[in-house]
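Notes to accompany the following structure.
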Amino acid sequence: MMHGFIIDGDLELWDVIYNRSFIHMKTTDEPAVIVLKTRKEYNDADRKATEKNFRTKIILVCGIGPDEFNRISSCQSTKKIWEAIQIALEGTTQVKQSKIDMLTTKYELFRMKDDESIQDMHT
């Protein structure tokens, strides 16, 4: 079964896009402060998560053209890349609603013209 563009075996990658942040943090001792981990401090789970994030970025980047790449090149996380791609291809919620309203109006006004055949109207 396909889920978007990722096969079931890689559903964890889809989860990376939607749910995870791959900023690895640690808590220091006195005083307790949360700071970024260095790569040398990564454990196996951190490395595995970073690899999944990287694989997901590759999948997303390989599926877009140069114009979209320019829009997402500054995005750090796969979630931000996905959101930028969605907005570029689908528009914001407001743009989507405007498109829906416009198409609804066009549908409501749809009529066969006097000099038109059924085939022409269908086309």
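Other members of the hydrophobic cluster containing I58, listed by chain and number, are F54; membership follows side-chain contacts under 4.5 Å among ILVMFWY residues, whether direct or relayed. Apart from M112 itself, the hydrophobic cluster it occupies contains F110, I118, M121, where clustering links Ile, Leu, Val, Met, Phe, Trp and Tyr at side-chain heavy-atom distances under 4.5 Å.
Under the rule for a side-chain contact (heavy atoms from CB on, under 4.5 Å), the partners of I100 that lie at least two apart in sequence or sit in another chain are Q97, T104. Not counting sequence neighbours, the partners of T38 by the side-chain contact (heavy atoms from CB on, under 4.5 Å) test are K40, E41. Evaluation of the side-chain hydrogen bond (donor to acceptor under 3.5 Å, both in side chains) rule for K80 yields no partner, not counting sequence neighbours.
Cluster annotation: F69 is connected to W82 through the hydrophobic network of ILVMFWY side chains, with a link wherever side-chain heavy atoms come within less than 4.5 Å.
Expressed to the nearest 0.5 Å, how far OG1 of T78 lies from CD1 of I85 amounts to 10.0 Å. N53 CG to K79 NZ: the interatomic distance, rounded to the nearest 0.5 Å, is 12.5 Å. Atom CG in L103 sits 9.0 Å away from atom OG1 in T105 (nearest 0.5 Å).
Pairs of residues two or more places apart, or lying in two chains, never qualify as salt bridge (Lys or Arg N to Asp or Glu O under 4.0 Å) while including a residue from residues 100-123.
Among all heavy-atom pairs drawn from I81 and L60, the shortest one is CG2-CD1, 3.7 Å.
A distance-only check finds no donor-acceptor pair linking the side chain of R71 to the backbone of A84 [under 3.5 Å].
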